[in-house]
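Keep in mind it's a predicted model, so treat the numbers as computed, not measured.
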Amino acid sequence: MACSRTCSRILGLSLGTTALCAAVANTLLLFPNWDVTYLLRGLIGRHAMLGSGLWGGGLMVLIAATLISLMGWRYGCFSKIGPCRRMLTALLSSGLALLGAFICFITSGVALKDGPFCMFDVSPFNQTQAWEHGYPFKDLHNRNYLYDHSLWNSVCLEPSKAVVWHVCFFSTLLCISLLQILLVVIHFINSFLGLFCSLCEK
């Protein structure tokens with residue numbers, strides 16, 4: 001049981017740290033090249049504006065991490081609850097964290113597939129000389145911008161290094177959400193073993 005509580009403390013702290021990292025990564029996506037004007041002008045992509053790293057991989061996971069930590073430290077109302085209630089709380093916290101991490105994972109994957117929102121020259125697409133904001137890599141069916149680095153500085157005209165910023169932080173969110181899912185699975189297994197051991201002791 002002591003081992004299970006120690007594991008819960010570590011998992012709670014780890015999940016809380018990943019939640020804060022996800023929130024920071026999503027916040028930085030709102031300020032490409034450290035410039036606030038794009039946000040003020042409404043020129044931020046829908047994936048970043050959705051904020052799944054803020055409320056999904058961030059807030060939802062942070063709430064779950066707090067519950068897990070409280071259970072591990074037996075703090076407050078968690079000091080005298082029975083094994084069945086602990087298991088129920090573990091299931092609820094795991095479900096909340098898993099949902100938030102999964103939403104963040106899906107959003108980040110779709111964002112990487114669609115590419116960044118930026119200003120680009122539409123003449124290669126419709127033969128007219130014009131610049132507009134949109135998702136230029138979404139229509140490149142025969143080329144994948146993630147592997148063709150020659151497109152990174154030639155397609156998006158503004159903001160500069162939009163592709164690098166987009167790929168860097170959405171890849172970070174993707175990895176963080178994967179780590180969160182792994183930690184939640186470990187927490188569920190740890191909670192189940194803790195319940196089994198406590199029932200065997202009785």
Side-chain angles (χ1 to χ4, degrees), residues 14-62 65 97-186:
S14 301
L15 273 173
T17 304
T18 61
L20 293 176
C21 290
V24 169
N26 202 135
T27 301
L28 290 174
L29 281 165
L30 301 175
F31 306 101
N33 295 341
W34 310 103
D35 195 341
V36 71
T37 57
Y38 295 103
L39 180 62
L40 296 176
R41 291 159 56 196
L43 298 177
I44 301 295
R46 61 178 178 272
H47 308 102
M49 289 299 293
L50 183 61
S52 61
L54 290 169
W55 58 267
L59 183 61
M60 290 174 69
V61 173
L62 186 61
L98 191 63
L99 179 62
F102 187 71
I103 290 170
C104 185
F105 176 79
I106 294 297
T107 305
S108 301
V110 173
L112 286 171
K113 182 184 74 69
D114 290 347
F117 182 86
C118 63
M119 185 175 72
F120 65 103
D121 186 2
V122 298
S123 56
F125 301 99
N126 60 15
Q127 307 304 316
T128 59
Q129 185 68 35
W131 291 356
E132 69 175 37
H133 284 86
Y135 298 90
F137 299 109
K138 203 172 179 181
D139 298 320
L140 295 177
H141 301 295
N142 57 338
R143 299 173 73 180
N144 190 326
Y145 81 98
L146 289 171
Y147 304 109
D148 192 348
H149 290 191
S150 64
L151 298 172
W152 286 28
N153 294 320
S154 60
V155 176
C156 281
L157 305 174
E158 187 184 314
S160 60
K161 297 183 180 178
V163 182
V164 176
W165 197 270
H166 179 87
V167 171
C168 177
F169 289 112
F170 272 117
S171 296
T172 300
L173 282 174
L174 194 72
C175 293
I176 288 173
S177 56
L178 271 174
L179 178 60
Q180 289 174 338
I181 291 170
L182 177 63
L183 290 172
V184 168
V185 171
I186 294 172

(message) Taking Asp35's backbone N and O only, do any of them form a donor-acceptor pair with Asn33's side chain (distance below 3.5 Å, no angle check)?
(response) no

(message) Whether the side chain of Trp152 engages the backbone of Tyr145 through a donor-acceptor N/O pair (distance < 3.5 Å, no angle test) should be reported.
(response) yes

First locate atom [atom1] of [X], then atom [atom2] of [Y], and finally report the distance between them rounded to the nearest 0.5 Å.
X	Y	atom1	atom2	answer
Leu20	Leu59	CG	CG	10.5 Å
Cys118	Lys161	SG	NZ	15.5 Å
Ser160	Met119	OG	CE	10.5 Å
Leu157	Glu132	CG	CD	11.5 Å

(message) Holding to side chain to side chain donor-acceptor pair (under 3.5 Å), I want the full list of residues that pass it with Thr27, two or more places apart in sequence or in another chain.
(response) none

(message) My understanding is that only residues two or more places apart in sequence, or in another chain, count here; which of them pass side chain to side chain donor-acceptor pair (under 3.5 Å) with Asn153?
(response) none

Tell me which donor-acceptor pairs under 3.5 Å the side chains of residues 104-112 have, and how far apart each pair is, sequence neighbours excluded?
{"residue": "Thr107", "atom": "OG1", "partner": "Ile103", "partner atom": "O", "Å": "2.8"}
{"residue": "Ser108", "atom": "OG", "partner": "Cys104", "partner atom": "O", "Å": "2.8"}

(request) Would you please test Arg46 and Asp114 for side chain to side chain contact (heavy atoms under 4.5 Å, CB included) and show each step? (result) CA-CA 11 Å; Arg46 61 178 178 272; Asp114 290 347; 3.6 Å; yes

How close do [X] and [Y] get, heavy atom to heavy atom, and via which atoms?
X	Y	answer
Val155	Pro136	CG1-CB, 3.5 Å
Cys156	Phe137	SG-CE1, 3.9 Å
Ile44	Phe117	C-CD2, 4.1 Å
Arg41	Leu43	NH2-CD1, 3.1 Å
Ala48	Phe170	N-CZ, 3.8 Å

(request) Step by step, work out the side chain to side chain contact (heavy atoms under 4.5 Å, CB included) result for Leu29 and Met49. (result) CA-CA 9 Å; Leu29 281 165; Met49 289 299 293; over 6 Å; no

(request) Name all pairs fulfilling the ring-ring contact (aromatic ring centres under 6.0 Å, His included) condition that reach into residues 36-59, sequence neighbours left out, sorted by first residue then second. (result) His47-Tyr135

(request) Sequence neighbours left out, what pairs pass side-chain hydrogen bond (donor to acceptor under 3.5 Å, both in side chains) with at least one residue falling in residues 164-174? (result) none

Report, one line per pair, each donor and acceptor closer than 3.5 Å where one atom sits in a side chain of residues 173-186; sequence neighbours left out.
{"residue": "Ser177", "atom": "OG", "partner": "Leu173", "partner atom": "O", "Å": "3.0"}
{"residue": "Ser177", "atom": "OG", "partner": "Leu174", "partner atom": "O", "Å": "2.8"}
{"residue": "Gln180", "atom": "NE2", "partner": "Thr18", "partner atom": "OG1", "Å": "3.2"}
{"residue": "Gln180", "atom": "NE2", "partner": "Gly57", "partner atom": "O", "Å": "2.9"}

